[in-house]
Amino acid sequence: MRTPGKTALWSIALTALLALVITASAAVGPVWIPPDVVAQVLLNAIAVPTAFEVSGAALEVTTQPVFRFRVSRLQRLIVMNVRLPRILLAAVVGFALAAAGTIMQGIFRNPMADPSIIGVSSGAAVGAVGFIVVGASLPFGLGLRGAAFAGALVAAFGVYLIATENGRTPVATLLLAGVAVQTFLGAVVSFLLLNAGESVRRALFWLMGHLKGAAWPDVWSSLVLVVVPFALLLVYARDLNVMLLGEEDAQSLGIEVERTKRILLALASLATAAGVAVAGIIGFVGLIVPHVMRLLVGPDHRILLPTSALAGASFLVATDTLARSGSTELPVGIVTAALGAPFFLYLLRKREVHEL
Amino acid sequence: MSDPSPGPDGHDGEPIPMLSATDVSVSLGGTQILSDVSLAAECGDVVGLVGPNGAGKTTTLRVLRATLSPDSGLVRVAGDPIEGLSSKQVSQRVASTPQATELAFEFTVRQAVEMGRTPHLGRFERADSGDREVVEAAMERVDVARFADRLVTSLSGGERQRVLLARALAQETPVLLLDEPTSNLDINHAVNTLELVADLAREGKTAVAAIHDLNLAARYCDELVLLADGEVRAAGPPREVLTAPTLRDAFDAETLVTGQPATDAPLVTALADRGSVDRTVHVVGTGGQAAGADPPGRRRRHRLGRRGPRRRRGRRARQRTGL
């Protein structure tokens with residue numbers, strides 16, 4: 001019941017952390033830009049609307065920057081046009097994956113569930129690799145992402161349909177159907193890769209997860225596709241708490257279990273698909289971040305969901321900074337897994353000892 | 001029903017039961033679990049579901065709380081068919097405590113009891129001070145307030161069971177369904193829990209409880225429904241239901257039904273299986289006589305002799321391995 005205050009406190013702290021991580025990340029690159037200069041550039045970008053004018057059907061908004069720090073044009077361009085889109089996209093993807101992971105772990109009542117448990121990533125992989133292999137002559141960009149996004153949603157919906165009988169979707173069936181479909185789609189991806197020829201490198205790079213070549217339009221489109229489901233998920237946070245008691249208990253406490261499960265699965269899959277479509281397959285963020293946050297703030301989803309999402313955003317910005325700051329750029333999926341897995345194992349051992 | 005205003009069907013003078021099941025049949029996985037089960041509970045009643053393992057007590061409760069829809073038959077809560085009510089509407093009328101709860105994540109006792117307020121909160125509504133008072137009062141009443149801030153995962157089975165009861169009380173419903181509410185409790189908490197259920201009934205709630213212990217059921221229930229093989233074998237006041245013939249029919253066991261001291265409830269004592277009744281009585285009788293006359297060593301030999309050579313060999317073998 002003291003949850004609102006605690007949620008606000010944690011959310012503010014993690015938002016501040018995210019701002020710090022973004023600023024630090026924007027400083028790092030082939031050209032070092034001091035963090036205070038980065039902060040000035042970012043603050044200069046904040047604008048408030050000063051006047052509204054209706055001209056015909058369109059509403060014209062005049063905006064006025066709040067701050068006017070003096071920074072060099074080159075530094076402004078590097079931060080605003082080169083680094084910031086990629087950093088913000090990393091933040092959005094991390095936010096989406098961690099939020100979806102939290103929801104999936106709640107639905108499956110299993111802290112080992114991850115955002116792609118019902119086949120979202122595998123579907124996206126088939127969509128993306130299929131597009132790269134078959135339709136490589138089409139323009140890069142929306143086509144690839146659209147294919148991945150569509151593949152992700154088709155796979156998730158397919159798993160849901162397979163696991164549903166007479167309007168009921170038992171989570172155990174859902175889990176097994178997810179595993180089977182992922183295995184099948186994995187085979188499809190392998191087959192496509194065998195026949196990929198020259199595009200195999202690009203397909204592999206996609207499969208490993210990366211944020212290279214991010215541009216502002218990607219940021220805006222994925223932001224919308226992530227923030228809207230997230231806001232709706234927040235509304236269902238309390239229901240998800242009750243669902244942790246078991247479905248029958250939840251129903252006798254007034255939760256329409258099947259409907260709630262359907263909505264949660266759809267929203268979490270949508271957010272995951274939006275993330276995976278722009279970034280490829282990035283493992284461990286959606287598994288480890290909710291897990292760590294649960295240790296810190298407890299299992300109440302009203303606080304766990306927003307804090308996990310914010311922490312996920314910081315985590316992916318930080319790992320993507322590492323991925324791009326070496327002499328050769330690594331796919332960020334490699335970095336998250338390489339850092340995440342040992343940390344996760346450490347937690348697992350520590351918890352086991354703690355429980356004994 | 002103490003409520004004088006007639007309900008939708010009450011014009012003919014017949015009181016509407018708060019909770020009723022009519023000819024409910026359920027089969028799960030091709031096995032008939034319940035066959036034409038009917039029961040009714042008035043306001044202020046404690047109805048006990050008794051019967052052997054697998055008789056259908058839990059299934060009956062699942063049907064009564066609408067988490068399982070019957071193949072045929074009808075359940076009504078306060079006159080309304082339960083299948084026409086939403087989960088939320090049912091949860092505002094019927095609270096239930098399951099036999100056990102699965103909690104894979106670490107909530108505190110207070111958080112778990114707070115979940116009982118879910119039926120009364122709108123989607124965008126937060127628990128207010130009124131809800132908090134209900135939660136605290138519920139925890140006091142079942143004696144779990146002492147460990148309100150402990151994690152549910154750290155509690156014993158009996159403590160968890162009381163937390164579940166507190167959650168059901170926090171739900172503030174007219175009907176309370178309890179599945180083996182005392183199965184994990186020590187005798188003190190078992191009696192206190194059933195006293196609490198009886199108090200709640202006096203305050204006007206309707207309680208239906210599956211109770212394994214026939215004597216606790218006899219003592220605290222106004223009515224008993226004896227189930228066996230998914231059928232109602234007997235129903236009525238404990239004195240009428242708990243008789244040697246009905247118990248033989250339902251449990252396939254011989255029982256001795258006498259009176260409980262300090263209450264007028266029947267006392268059921270299970271005897272050994274039918275074939276051994278005579279011999280048991282016989283052994284007790286001769287044993288008693290022998291105790292007065294024979295020296296201890298001889299008495300033991302005598303009893304060993306009566307039980308036959310196989311037992312004796314077994315005993316010797318055990319002694320040898322002990323050496």
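Convention: sequence-line order gives letters A, B, ...; per-chain numbering from 1.
For the atom pair A:Leu253 CG and B:Gln92 CD, the distance stands at 11.5 Å (nearest 0.5 Å). Atom CG of A:Asp249 is separated from atom OG of B:Ser96 by 6.5 Å, given to the nearest 0.5 angstrom.
With a 4.5 angstrom heavy-atom cutoff, B:Leu121 touches chain A via backbone and side-chain atoms both. At a 4.5 Å heavy-atom cutoff, the contact between B:Ala66 and chain A is made by backbone atoms alone. For chain B, the nearby parts of A:Asp300 are the backbone and the side chain; heavy atoms of each come within less than 4.5 Å. Contact of B:Thr108 with chain A is not made at all, since no heavy-atom distance falls under 4.5 Å. When heavy atoms are compared at a cutoff of 4.5 Å, B:Val94 approaches chain A solely by way of its backbone atoms N, CA, C and O.
Atom CZ of A:Phe157 is surrounded by 12 or fewer heavy atoms from other residues, nucleotides or ligands within 6.0 Å. In this structure, B:Glu203 places its CD atom where more than 12 heavy-atom neighbours from other residues, nucleotides or ligands lie under 6.0 Å away.
Considering every non-hydrogen atom in both B:Gly122 and A:Arg238, the closest pair reads O-NH2, 2.8 Å. Considering every non-hydrogen atom in both B:Ser86 and A:Glu256, the closest pair reads CB-OE2, 3.6 Å.
Contact check for A:Glu248 versus B:Leu68: no side-chain heavy atoms found under the 4.5 Å cut-off. Side-chain contact between A:Leu245 and B:Arg167 is present, with at least one heavy-atom pair separated by less than 4.5 Å.
Counting heavy-atom pairs closer than 4.5 Å to chain A, the top residue among B:Lys88, B:Arg123, B:Arg65 is B:Arg123.
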*Show your working on side chain to side chain contact (heavy atoms under 4.5 Å, CB included) between B:Thr67 and A:Glu247 and close with a plain yes or no.*
CA-CA 9 Å; B:Thr67 51; A:Glu247 294 186 1; over 6 Å; no
